[in-house]
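Report on one structure; see the data block that follows.
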Amino acid sequence: MCGIFGIASTKSTRNKLYQGLMKLEYRGYDSSGISGTHISSKLSTIKATGPIKNLRTKLTSLTNITTGIAHTRWATHGEAILKNAHPHLSENISIVHNGIIENYIELKSLLKKKGYLFKSDTDSEVISHLIHMNYEKTKNMESSIISTTKKLKGSYAIGCINTNYRNTIFAACKGSPLIIGKGINENFIASDIMPILSDTKNYITLDDDEFAKITPSKISIFNANKAISKKVKTSKINTEQASLSGHKHFMHKEIYEQKSILKEMTSRYVGTNKILSNIFGPGTDKILENIDHIHFVACGTSYHASLVAKDWIEEYTTITCTAEVASEYKYKKINVLPKTLFVSISQSGETADTISSLKKALKLKYSNTLAICNVAESTLTRLSKLVFLMNAGPEISVASTKAFTSQLFTLLLLTIVISRKFGNIESRMVKDIYKINEIIDSLYKLETDIKKISTKFKNKEHTIFLGKGTSYPIALEAALKLKEISYIHASAYHSGELKHGPLALVDKKMPVVCFLPDNHLARLVLSNLAEVEARQGQTFIFTNKKIPKKNKKVEIIKMPGCPDLIAPILYIIPAQLLSYHVALKKKTDVDKPRNLAKSVTVE
Ligand code: AGP
């Protein structure tokens, strides 16, 4: 999984390639590189490990490059070391690749037999040698791309330059996204729209099995060897750059942004005592009235949001829901009953597992497909029949925060809309929604206490998170946040499950974090906590319930009272702050945790 950017131009593109690549860093930051051709047709390539900024000092050697391709890597095959950084070269040919070549071992041995020497451990390097081998036979790049892609199994978005083709980029894709930007006297390739927006808003989406030849003045698209014409779309995305606005990290900024986002979503979609009509798109109130089942599919944080939605919907309607992680959904037999809605949830809209699940769903007998997404013009939104854009603004931090609460808010709106025919509860639920905006401020006031508590996690290697009902997905999400950015192992359990095994882990060193809104389940959760305290575990309880602090091994984080319906949206915020402060104490790279990428574009 990686990011690709390229510019076909007659002017110097060195800085633009670097700046554009920076906007794709969310796709991976294990290493990066740029290849470009000089006016003299000489090929120059630079590479660096770690974040893209490490390329900066090497940029001078690219002074005269005009047309170039750039890459930021998230390692799949081969360690995150310099020799595995893209671009990969085969004499006068240079390529960048996003995806996974599943048959690279057999291709590699075939190419080795033909005398090709491999410099990296990647799957991608076979592409450069294959193109080279085919080009040597035909001296024609178009046919070489066709014969090369025919041999590749797996997924790919490829950008390629050949010094024999002045100022030309060749691009092809299958299963990995690639767009072509149409500029003035220069054209672009990119994994998403972001790197090209400062130059153009006009773009073409390259679809599976298509390839393109791009020069500064012309974009030609082919399917096999047939030239095809494709619609040029215009992006509506605002080019405003995300900045830290005084916060030390994007994660902290995004945790704080939740307040204004939820307020904005309330004013956009919620009336005095009802949800506005057709907020999921024209005619959707009628469509949603006709649903008997829902299949939610998502990954990571977005999957946790779907677990809350399942509980909400099943609580207030007779609709049955399943929530499945996308990496499993794709490989399972799925029974689709009549009147089933498929709902995919994704911040980025570029998560490969979720995209391929939606592609599978589109072939099954769903009555409709709805994508809940934060990024307009993403692959998921292009494929889904119905789309709800959350408009939470760019989420830069790898650890998702504001996308999660926006997803929960959206799913709460969905719950209310589809529960209409099941009773007269809309106005009461709407009242609860308005309470989010009243209560949310008090959560940020907890930050000073949370900061103090975070010290107690700093030297821990393991933690346990507990919840019951809709607080269980919150425990899962809080545990994921802690793991991602502080590298402390965290497991989440239904509080009632503790006694069935995990309790064996509890001793006087084990921190146990519990989310305990004062509701009908609180009594049971308290019994589970008593079992932890009896084994001298350290408990950290987020609650609005009055509970006696029996000893100093019990920490109570006093939450504001709130209706049970909105508790998941509110309880996750202090948990996000907790993981943030633990990570600060551990001095990790909060916004770019090791081994991860913002958007996981490989399966
Ligand atoms: C969340 O903090 C993660 N970085 C990750 O689990 C993420 O939620 C997951 O990869 C799904 O991403 P998406 O919402 O963009 O599809």
Side-chain angles (χ1 to χ4, degrees), residues 1 3 24-29 74 76 177 191-192 194 249-252 254-255 258 296-309 323-330 343-359 370-384 387-390 392-408 410-411 465 473-474 476-487 490 492 572-573 575-580 583 588-603:
M1 178 188 71
L24 292 176
E25 198 168 35
Y26 77 91
R27 301 177 76 92
Y29 37 81
W74 184 75
T76 56
S191 295
D192 75 23
M194 298 317 279
H249 295 98
F250 281 106
M251 182 179 180
H252 196 253
E254 288 157 9
I255 292 173
Q258 295 177 107
F296 289 104
V297 174
C299 302
T301 290
S302 303
Y303 166 68
H304 297 156
S306 76
L307 290 175
V308 178
E324 197 77 72
V325 285
S327 53
E328 290 296 317
Y329 177 90
K330 204 197 152 187
V343 180
S344 57
I345 308 170
S346 172
Q347 188 287 130
S348 61
E350 297 297 347
T351 302
D353 289 326
T354 313
I355 292 168
S356 51
S357 295
L358 172 56
K359 283 182 181 166
L370 166 68
I372 295 173
C373 193
N374 193 33
V375 180
E377 295 154 36
S378 55
T379 309
L380 202 72
T381 61
R382 285 201 298 266
L383 291 173
S384 186
V387 174
F388 184 94
L389 270 183
M390 302 190 300
E395 191 179 63
I396 310 282
S397 168
V398 166
S400 187
T401 53
K402 65 176 182 175
F404 182 63
T405 44
S406 308
Q407 286 163 347
L408 288 181
T410 308
L411 291 162
F465 285 74
I474 299 310
L476 282 170
E477 175 57 12
L480 176 63
K481 288 290 90 78
L482 191 74
K483 280 184 270 208
E484 272 186 302
I485 60 166
S486 73
Y487 315 149
I572 194 59
I573 294 175
Q576 294 165 343
L577 285 168
L578 176 65
S579 62
Y580 174 75
T588 60
D589 191 345
V590 173
D591 285 334
K592 288 189 206 136
R594 70 185 181 200
N595 306 340
L596 301 180
K598 181 68 187 156
S599 176
V600 185
T601 59
V602 289
E603 285 182 36

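All ligand and atom numbering here is 1-based and tracks the order in the structure. What's counted below: heavy atoms across the whole structure, side chains too, no hydrogens, waters or symmetry copies.
The protein atom (non-hydrogen) at minimum distance from atom 6 (O) of ligand 1 is Gly300 CA, 3.2 Å. The protein heavy atom nearest to atom 9 (C) of ligand 1 is Cys299 O, 3.7 Å. Summary of contacts: the protein heavy atom closest to atom 4 (N) of ligand 1 is Glu484 OE2, 2.7 Å. Taking atom 10 (O) of ligand 1 as the reference point, the nearest protein heavy-atom neighbour is Val600 CG2, 4.1 Å.
For Gln258 and Thr405, the side-chain atoms include at least one donor-acceptor pair closer than 3.5 Å. A donor and an acceptor atom, one from each side chain of Glu477 and Thr301, are located under 3.5 Å apart.
For Phe404 and His304, the gap between ring centers reaches or exceeds 6.0 Å.
At least one N or O atom of Ser348, backbone or side chain, sits closer than 3.5 Å to an N or O atom of ligand 1. Residue contacts with ligand 1: Gly349 is placed with no nitrogen or oxygen under 3.5 Å of a nitrogen or oxygen of the ligand (distance criterion only). Note: an N/O pair closer than 3.5 Å links Thr301 and ligand 1 by distance alone.
Applying the salt bridge (Lys or Arg N to Asp or Glu O under 4.0 Å) test to Lys330 and every residue at least two apart in sequence or in another chain returns Glu603.
Residues Tyr580 and Thr401 have side chains not in contact (no heavy-atom distance under 4.5 Å, counting atoms from C-beta outward). Residues Leu358 and Ser384 meet the side-chain proximity criterion, which asks for heavy atoms closer than 4.5 Å. Between Leu24 and Asp192, the closest side-chain pair of non-hydrogen atoms falls below 4.5 Å. Residues Ser400 and Glu395 meet the side-chain proximity criterion, which asks for heavy atoms closer than 4.5 Å.
Within the structure, the closest approach of Ser599 to ligand 1 does not fall below 4.0 Å when heavy atoms are considered. Residue-ligand proximity: Lys481 is placed with a non-hydrogen atom under 4.0 Å from ligand 1.
If you number the atoms of ligand 1 from 1 as listed, the ones under 4.0 Å from a heavy atom of Ser400 come out as 1 (C), 2 (O). Near Ala399, the atoms of ligand 1 lying under 4.0 angstrom from a non-hydrogen atom of the residue are 2 (O).
Nearest residue to atom 16 (O) of ligand 1 from Ile372, Thr354, Thr351 is Thr351 (criterion: closest heavy atom).
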